[in-house]
Every structure is written in structure tokens, then in C-alpha cells.
Amino acid sequence: QVQLAESGGGSVQAGGSLRLSCAASGYTISSGCLSWFRQAPGKEREGVAGIESDGSTTYADSVQGRFTISKDTAKNSLYLHMNSLKPEDTAMYYCAAQGYCSGRYLLLVDYGMDYWGKGTLVTISS
């Protein structure tokens, strides 16, 4: 059974940084394709960043240059390093994984993902 557990959310001021973590069980990070999504109040869930099995990454335009997705195969964990945070980054952030890697174009769309964590809340104040 695949389980994804996010942590690291919190409240910070604009311009600050946070690192989100996603611990995986029943799923091998090193050979998998995973993403971070977020959902702000009243808005649809959107893909933020994705990473393929070979380490290739893709980002939404809104976070390009500010967020970095990475994985630690020894810890079987996924990370999202977030810098220069803005109030519009406020959202519930979710870790997600593909059962079979399906290409980078599906990493930032929710129907491309098979497994989901329960989320961690990020709040950015101005």
C-alpha cells in the first residue's frame, strides 16, 4: 500500500522560505515520478513542480526560479524548497506520485497522478 506523508508546512512572512517534505512508504522514490500540487481556498488544485525518475524537473510558471523539487533516495523522501514566498503561495500543498511514470507533461495535472498525500498547509503573510 502506497502512503505519502507531507510535513513542513507553516506560517511565514512574504519573502521567507520553507521546505516541505514527503515521506513515502510502499513506493520507491528513486524509480518513481512525483510532484507537488497545491490548492488555495476557492481555487482548483494546480501542479507546482514535478520530478521524473532520472531527476529531470518541471515547474509551473508561477514558481519557476523560486521553488526547487528534489528527492533523497536514501530517505525515500521528496522535498519542495520554497524561496521568496508570496501571499499568493498560500495553499494546502500535496505530494503526489505516478504508479507508472507517464512523462513530464502529466506531472503537473492531477489526473496524471495515482497516489496522494493528505497535505500540509502553507500560509504566507504580507
Side-chain angles (χ1 to χ4, degrees):
Q1 182 180 1
V2 176
Q3 292 187 324
L4 303 172
E6 303 93 337
S7 61
S11 298
V12 299
Q13 289 190 326
S17 299
L18 278 175
R19 188 187 77 161
L20 305 184
S21 301
C22 173
S25 60
Y27 188 91
T28 303
I29 292 280
S30 60
S31 58
C33 296
L34 302 102
S35 300
W36 288 96
F37 285 72
R38 67 185 181 187
Q39 187 167 22
K43 295 189 177 181
E44 293 187 354
R45 187 163 55 189
E46 63 172 345
V48 172
I51 187 166
E52 298 181 80
S53 56
D54 66 357
S56 300
T57 57
T58 188
Y59 296 93
D61 290 344
S62 59
V63 306
Q64 181 76 48
R66 299 189 299 122
F67 290 11
T68 303
I69 187 172
S70 64
K71 54 185 178 180
D72 185 330
T73 56
K75 295 183 178 180
N76 208 41
S77 293
L78 180 74
Y79 302 99
L80 185 67
H81 304 259
M82 306 186 295
N83 297 318
S84 302
L85 285 161
K86 305 175 181 180
E88 51 263 44
D89 294 318
T90 294
M92 185 71 80
Y93 283 72
Y94 299 91
C95 173
Q98 295 179 335
Y100 294 94
C101 289
S102 305
R104 67 186 303 159
Y105 299 107
L106 291 179
L107 281 175
L108 297 186
V109 291
D110 53 9
Y111 60 78
M113 315 309 290
D114 299 298
Y115 306 106
W116 294 86
K118 295 182 178 180
T120 186
L121 182 62
V122 172
T123 304
I124 311 302
S125 57
S126 57

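For clarity, every value in this text was computed on a predicted model and none was experimentally measured.
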Original post:
What pairs meet the ring pair (Phe, Tyr, Trp, His ring centres under 6.0 Å) rule with one or both residues in residues 53-83, with sequence neighbours excluded?
Top reply: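 Sorted result for residues 53-83: empty, none.
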Subject >> Contacts of Glu46 that satisfy side chain to side chain donor-acceptor pair (under 3.5 Å) - sequence neighbours left out >> reply: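 Applying side chain to side chain donor-acceptor pair (under 3.5 Å) to Glu46 gives Arg38.
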Original post:
Do Ile69 and Leu106 share a hydrophobic cluster, counting only Ile, Leu, Val, Met, Phe, Trp and Tyr and linking them when any side-chain heavy atoms are less than 4.5 Å apart?
Top reply: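 The answer is no; the residues belong to distinct hydrophobic clusters.
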Subject >> Results of ring pair (Phe, Tyr, Trp, His ring centres under 6.0 Å) for Tyr94 - residues two or more places apart only >> reply: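 Ring pair (Phe, Tyr, Trp, His ring centres under 6.0 Å) check on Tyr94 returns nothing, list empty.
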Can you run down the disulfide bond (SG atoms under 2.5 Å apart) pairs that involve [range], sequence neighbours left out, and say none if there aren't any?
{"range": "residues 62-126", "answer": "Cys22-Cys95, Cys33-Cys101"}
{"range": "residues 57-87", "answer": "none"}
{"range": "residues 35-78", "answer": "none"}

Subject >> Pairs involving residues 19-32, ordered by first then second residue, that meet side-chain hydrogen bond (donor to acceptor under 3.5 Å, both in side chains) (sequence neighbours left out) >> reply: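 Qualifying pairs: none.
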**OP:** Please collect all side-chain hydrogen bond (donor to acceptor under 3.5 Å, both in side chains) contacts where either partner lies in residues 105-123, sequence neighbours excluded, each pair once.
**Re:**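 Residue pairs passing side-chain hydrogen bond (donor to acceptor under 3.5 Å, both in side chains), neighbours aside: none found.
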Original post:
Under the 4.5 Å side-chain heavy-atom rule for ILVMFWY, direct or indirect, which residues accompany Leu108?
Top reply: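 Its cluster partners, ordered by chain and number, are none at all.
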Which pairs would a plain distance check flag for residues 47-55, meaning a side-chain donor or acceptor within less than 3.5 Å of a matching protein atom at least two apart in sequence or in another chain?
{"unit_1": "Asp54", "atom_1": "OD1", "unit_2": "Ser56", "atom_2": "N", "d": "2.9"}
{"unit_1": "Asp54", "atom_1": "OD1", "unit_2": "Ser56", "atom_2": "OG", "d": "2.8"}
{"unit_1": "Asp54", "atom_1": "OD2", "unit_2": "Ser56", "atom_2": "OG", "d": "3.2"}

**OP:** For Arg104, enumerate each residue passing the salt bridge (Lys or Arg N to Asp or Glu O under 4.0 Å) test, keeping only those at least two apart in sequence or located in another chain.
**Re:**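 Arg104: no salt bridge (Lys or Arg N to Asp or Glu O under 4.0 Å) contacts found.
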Under 3.5 Å, which donor-acceptor pairs link side chains of residues 7-18 to any protein atom two or more places apart or in another chain?
{"unit_1": "Ser17", "atom_1": "OG", "unit_2": "Asn83", "atom_2": "OD1", "d": "2.9"}

